[in-house]
Each structure stands twice: as structure tokens, then as C-alpha cells.
Amino acid sequence: MQHSMNGNECADVLDLLDMLGCDAQTQTAALWFELARVDPTLWQQQSPRLPAELQRLVAGQEAAEQGWMLHAQRAPGTGTEGLRRLLLAIIRDVRVVFILLARQLARLRAATVLPEPERQALARLTNDIHAPLANRLGIWQLKWELEDLAFRHLQPDTYKRIAKLLDERRADREGFIEESLDELRRALTAAGIQANLAGRPKHIYSIWKKMQRKALEFSDLYDIRAVRVLVDSVADCYAALGVVHTLWPHLPGEFDDYIARPKGNDYRSLHTAVIGPRGKTLEVQIRTHDMHRYNELGVAAHWRYKEGGSGDSEFEAKIAWMRRLLEPRGEGDADPGGGDLAAELQTELLEDRVYLLTPKGEVFDLPRGATVLDFAYHIHTEVGHRCRGAKVNGRIVPLSFQPQSGDRVEILTGKLSEPRRDWLSVHHGYLNTTRAREKVRVWFRRIAHDANIAAGRTMLDRELKRLAMPAADLGKLPAHFHLKSHDELLIALALGEINPGQITRVLQEAAAPVEVMQSALPVTSRHATLEHSALSIEGIGNLLTTLARCCQPLPGDPVRGFITRGRGVSVHRADCSSLAWLAQRDPDRVIDVEWGKAAAQAYEVDIELRGYDRKGLQKDVTSLISNFGTHIIASSSRVFTRTGEVEMRFTLRVRDFEQLSTLLGRLAALPNVVDARRVTGG
């Protein structure tokens, strides 16, 4: 963690934030953060009284401290790209980044008084995190100084050598620049172009980078001598370029049009190199005043947080900022190093990634919604195959647990590769990434063909029994899934390429028209009353119909009707024993019915869970049912003290077989639950 700043450094931070155009709230948040570190008790007392936005800005700075600590703990040679990703994921307001950059620059400016180890650590952190962020956000005015000061502390001898070479030739170079400016000013005036001209300072770090990249000596660098031309419009930029190339011969291959093709962080300018006065090379940069302002301040130039600014302008600024950052990145002289943060910024802004830490502090990013088992397979296929459990922030969690950005995940492994088939089941929710699921499928494809068929058959039988579905004609199933045989269907089921819920849905739709699933008739009473359109009753006009409580038929179940006295037609499953008794007693009152074109959207169904009792089991079961969007109408449970077994029964309101199938699969995956299935009376 960084130490608190002194008064001079705090004043420096405020000056830098003011230069960036940050609002008073941003500057206040920077001061409150320092005060919170000096006097935590005062912060605890005062923070609840502060505006919520100000509290969020301070919280963002506190979150960034996690990144600094991870940087300090990282192993030598470990990449820092993941830390930059994590930082961008946990900071939700770009103003926090401005504060972090300003504070780091202020500390670097005052770093000469620090002990050598602290100075080196501060410079490494700057080089790895802050300078690349300033580069990606296009804040050149901070980027150059951050890079130069970090370079000065990390490689003092090289820094001094280049600084000395620059200093030795300063007088000659300044004289040459003045001569060049005079010639160019006269030529532009003659062409009727209004322009501001100035020499362009060259930064030591960028000189060293170019020497390294192009394997050049200092004396071979042509752009140590450089001028900048600022004009009013884009048209004037190209007109001025024509004047420059007319005045001096340009060097072939040394022209870049960053106006027509801006860099990834929206850097825009014309760059050309010419043979100027005295036959010496000269770099000329041409841009508009607005381009120059943006090139110096980057995102800060467009982030409107001025007091009194309208919400619309702030929103437009944010959209413009996002659009610029999401453009593909290209590398160039004015955009050296820094890492390609485009994808990271994009995923953070769209909030579709999570950034997770290993126990060693390495950062991995996965799609949002990934589980700890997905994380295990992301690290390495064998880690996934051998995964037996996981800890998140030191706490044991189920393999279906979905960690959040910043969580530290530890995978517990066994000695043998033993993935489980239910990891492939979407019902259980163990794997949510395609990549991890395919790795498990590959593992199972390698085992015996007959074993896959047997496993698929077991899964199908279990699903049909769990849903209490009658024996169905499975002959048409392979063709529906574009498979050639029943064995191929079973193999696909075993490998998770088809899930049991899909099969039961197809069987249901085969037993009832597709329209059954598309109706919207809610259940309004304990005994579900159906509109006539929900069921077709042979040879009889409109009749009141109710679903029998004894067997609770669902759309897709074969059904028959029994004409009651005063309650219309009671609809039973065809295999209901109660119906069989009624038919034996009054066979003339049994009629044929079938599901029609407007089956009910919600039906009551009884389910049963069996397992071994534990603390919180009842709560986990009921929470899962409620969170799944089903309604509990009635429930009961009993515990068998001698064996520790527990049996729970619920009456639920469900839409159809598919919802019921998925719910039963999730319930069966709960710890200590042995079986979860639909039960029918009769």
C-alpha cells in the first residue's frame, strides 16, 4: 500500500486535476481519500454525510489499492496485463483514473527523498500500470512525464547518458529549430495560412524506446529536432503539409496521416520528416488546436464534469469516450508499448467479464457467469479434470458457484482425472463456458463407445422416471436431432451435446401440438380450471374442465376425462389408478380428451426430494425453487432420526415439462440431495 502524501504533494495533485479539467467533486474526492488514510476514524464519522457520488469516488480509489498490493506481491517476471484488467474492472468511474494518475505523478516528482527500494517500487508500478493507462487514455501530458520519471529511477545511468547527449547539443539544436521556424512561418504566411509554430520537446524515455526499437544510435535519430504546427481546420492541416513538402524535401517512408487514420486512443495529427535547413533532418507535426488539446489531455478533454453541465452533455461525452476506446488499437511512435487495453476496456464497460485471482495473485478473465469449475478448466485442462472442490476468498463453495471480479479462487484437486458426466448437464449449472464444456466432452469421447451408450441410456431412463412420464415412442427422436440412430442419440446425451430436458420437451410436443406451449392461461384456483380451448373434448360442446388433483396431468401427458356431478369434466392422466376405479364404476362417464391449442401456462405438480439431513437444507431447497421462478403452493417434510434421511414434498406451480426438468436437475445437484422427482397419485 502506498504511504500518505504530504501537503505539497496534495497541492500538486490538485493542480494536475485542474489542468485535466476535472470538477471540484473529483478534487474533493482526492483529498478525502488522503484524509481517510491519515484519520480513518474521522472518515468513518463523516463519510455517511457526504454525497453518494463522492463516496463512490473515494471507494474507487480504495479499490485500486488492491491492485497496488497485488503488484507488490507478484512474482518476478509475471506479466502485468492482468493487473491492468483488474484495475479497469473494479473502477467504475473514469474520474478515479485521473486521480490515480495525478497522485502517481505527484509522488514520482517527490520521489528523490524516498529510500531506494521505495523509489524503485514506485517506478515499477508506474511503468507497469499508470503510464500504460495514461497512454491508452491518450493523456499525453501525464504519460510523457510518468514515463520519463519512472525511467529515471529504474535506469538512472541510461537516463543520464541520454540527458547529457541532449544537453550537449541543446544550443545547436535550439538554433536550428529557430531557423526552421522562421522559414516555415514565412512560407505559411505567404500561403495565407494562420498558424502557431513551436519547437516540440523530445522526451528521454521515447528517445530510448526508439533507439531500442530501431537499433539506432542517438546521432542517427532524425526527430530529435522537431517542430509543431497548430492551425484552425483540418483543411489547413493538409494545406500546411503541402507548404512543408514544397519548402523542404521529405524523407520517403516517413509520413503518417493520423487524421485520416487516428490511433486507437484517438490521437490525430500529421507527421512528416524532411531535410530542413543546413541539410539536417527535421520532424514536423501538423494538427488543429482542438486535436492538440485532445492529444494533450486525452479522455479528460472530453469528459465534461463542469459544474452546471447538463446530464445530456455528460452522457454524450461518455458515449464518445467509450466509442473511441473501443476502436481497434494500432501501434506507432506516439503510442509505444502500454499494452493493448482495448479488449479489457470494452469488457469492463459492457460488464461481460469477471477478473479472478489465483492464490499467487495471477489474474484471469472469464465471461460473466463463469463458475469456479469453468475457472479450473481455464487455468489448465488437467486442473479441470482433477478438480474436486474450490475455495473463494478462503471459503469452500460448490463447483457451480459464480465468483465476482476481484475474488481469489483456489482450486482443490485430486490425483486422478475424473470429470463427472453431470458437469455437462445445463440443469446442474457446473459449466457455463463452451470451452470448458468441450474439454469435458473430449475426455468422455475417449472412453469406450459402449460405456457412453450405457451412460446415455441411464440418463434418459432416469429423466423419464424423474418426470413420471409414461413410456413414450422414442423412435422419432434421433431424426429430430439430426442423428442416424438411437445409439447416436444416447451418446450425444452422455456427452452433453443434448440435454435430457430437450428430449422430454420433444416427447411432450409430440404428444401435444406445439401451440400447447404457446398459450397463456394462468391457474386461478386450487383445482386448475381450464378454458375449453385448452382441451379438446370429443362430441361435446363447452364444458367446465378441471385438472384432477390425484394425478396432476401436465401438457403432453396422455389424458382422459371423467364427467363429474357439478364440476364438469375432471381431467386425469390416462394411467391414473383413481380414473381406473371411476371407469370401472361408471364406464359411460369416461370420455376421450386431448390437449388442445391453448393449454394452461401454469400447472400444479407434486415433487419429492430424498436425501440426508443437514443444517440449512430446507432453506437451500426452498430458495432454489423460489429463485427459479416457480411457486410453492404447499410443502411438508419429515426426518428419519435413526438413519438421518429426510423426505420433502412440495406442490409447485410450473409451466411445462422443460421447466420442471430443469428444476429437478438443479435440486438433485444440491449437497445431500440424493433424488428429486415428480410424483403422481392414483
Note to self: Tell me if a side-chain donor or acceptor on Glu604 pairs with a main-chain N or O of Thr651 at a distance below 3.5 Å.
What the structure shows: no
Check: Below 4.5 Å, heavy atoms only, C-beta onward: do Leu122 and Arg124 meet side chain to side chain?
Finding: no
Check: Is the side chain of Arg437 donor-acceptor paired with the backbone N or O of Leu431 at a distance under 3.5 Å, no angle test?
Finding: yes
Checklist line | Arg441 side-chain N/O to Ala494 backbone N/O, donor-acceptor pair under 3.5 Å | finding: no
Next item on the list: For the residue pair Leu609 and Val621, establish whether any side-chain heavy-atom pair is separated by less than 4.5 Å.
Entry: yes
Check: From Ile625 CD1 over to Ser635 OG, what is the distance, rounded to the nearest 0.5 angstrom?
Finding: 8.5 Å
Notebook entry, point to check: Given side chains that start at C-beta, do those of Ile129 and Gln104 come closer than 4.5 Å, heavy atoms only?
Noted result: no
Checklist line | Shortest non-hydrogen contact from Arg388 toward Gly414 | finding: CG-N, 3.7 Å
Check: Do the side chains of Gln46 and Trp32 get nearer than 4.5 Å, heavy atoms only?
Finding: yes
Check: For Glu382, does its backbone N or O pair with a side-chain atom of His380 as donor and acceptor, under 3.5 Å?
Finding: yes
Next item on the list: Enter the distance from Trp443:CH2 to Leu495:CG here, rounded to the nearest 0.5 Å.
Entry: 11.5 Å
Next item on the list: Could you walk me through whether Asp613 and Phe640 pass the side chain to side chain contact (heavy atoms under 4.5 Å, CB included) test, one step at a time?
Entry: CA-CA 9 Å; Asp613 196 26; Phe640 302 92; over 6 Å; no
Note to self: Checking Tyr377 now: which residues fulfil ring pair (Phe, Tyr, Trp, His ring centres under 6.0 Å) with it, not counting sequence neighbours?
What the structure shows: His385
Next item on the list: Report yes if the side chains of Ile491 and Leu493 come closer than 4.5 Å at any heavy-atom pair, otherwise no.
Entry: no
Next item on the list: Taking atom types as modelled, find out whether Thr26 and Asp23 have a side-chain donor-acceptor pair closer than 3.5 angstrom.
Entry: yes
Notebook entry, point to check: Does some side-chain heavy atom of Trp423 sit less than 4.5 Å from a side-chain heavy atom of Leu373?
Noted result: yes
Checklist line | Where Thr371 and Pro403 come nearest, the two heavy atoms and their spacing | finding: C-CD, 4.1 Å
Notebook entry, point to check: Under 3.5 Å, is there a donor-acceptor pair linking the side chains of Asn452 and Arg421?
Noted result: yes
Next item on the list: Please report the shortest heavy-atom distance between Leu16 and Ala102, naming the atom on each side.
Entry: CD1-O, 3.5 Å
Next item on the list: Kindly determine whether Leu660 and Arg678 satisfy side chain to side chain contact (heavy atoms under 4.5 Å, CB included), including the steps that lead there.
Entry: CA-CA 8 Å; Leu660 179 60; Arg678 174 191 179 196; 4.0 Å; yes
Check: Does Gly665 offer a backbone N or O that forms a donor-acceptor pair with the side chain of His428 under 3.5 Å?
Finding: yes
Margin query: Within the structure provided, determine whether Leu105 and Leu149 are in side-chain contact (heavy-atom separation under 4.5 Å).
Written below: yes
Next item on the list: Mind listing the closest non-hydrogen atom pair of Ile411 and Ala390 along with its distance?
Entry: CD1-CB, 4.1 Å
Check: Do any N or O atoms from the side chain of Asp39 and from the backbone of Leu42 form a donor-acceptor pair under 3.5 angstrom?
Finding: yes
Check: Does any N or O in the side chain of Asn627 come within less than 3.5 Å of the main-chain N or O of Leu624, such that one atom is a donor and the other an acceptor?
Finding: no
Notebook entry, point to check: Nearest 0.5 Å, what's the CZ-CG distance between Arg49 and Leu54?
Noted result: 14.5 Å
Check: Regarding Arg103 and the six-membered ring of Phe33, is the cationic atom NZ or CZ under 6.0 Å from the ring centre and inside 45° of its axis?
Finding: no
Note to self: Checking the side chain of Ser417 only, and the main-chain atoms of Arg386 only, is there a donor and an acceptor separated by less than 3.5 Å?
What the structure shows: no
Next item on the list: For side chain to side chain contact (heavy atoms under 4.5 Å, CB included), just list the numbers for Ile632 and Thr622, CA-CA rounded to whole Å, side-chain angles, deciding distance to a tenth of an Å, and then say yes or no.
Entry: CA-CA 8 Å; Ile632 300 175; Thr622 55; 4.2 Å; yes
Notebook entry, point to check: How far does CD of Glu438 sit from OG1 of Thr433, to the nearest 0.5 angstrom?
Noted result: 11.0 Å
Notebook entry, point to check: Looking just at side-chain N and O atoms, do Asn432 and Asp374 make a donor-acceptor pair shorter than 3.5 Å?
Noted result: no
Checklist line | Non-hydrogen atoms of Val13 and Ala106 that approach each other most closely | finding: CG2-CB, 3.7 Å
Note to self: To the nearest 0.5 Å, what is the distance between CZ on Arg420 and CD on Glu418?
What the structure shows: 11.0 Å
Next item on the list: Check the pair Trp43, Val58 against side chain to side chain contact (heavy atoms under 4.5 Å, CB included), reporting the backbone distance first and the verdict last.
Entry: CA-CA 10 Å; Trp43 168 250; Val58 175; 3.6 Å; yes
Item checked: Gln27 versus Cys22, closest heavy-atom pair with distance -> NE2-O, 3.4 Å
Checklist line | Polar side-chain atom of Asn672 near backbone of Tyr612 as donor-acceptor pair, under 3.5 Å | finding: yes
Margin query: Using side-chain heavy atoms (C-beta onward) and a distance below 4.5 Å, is Leu667 in contact with Ile607?
Written below: yes
Note to self: For the CD atom of Glu608 and the CD atom of Glu647, what is their distance to the nearest 0.5 Å?
What the structure shows: 4.0 Å
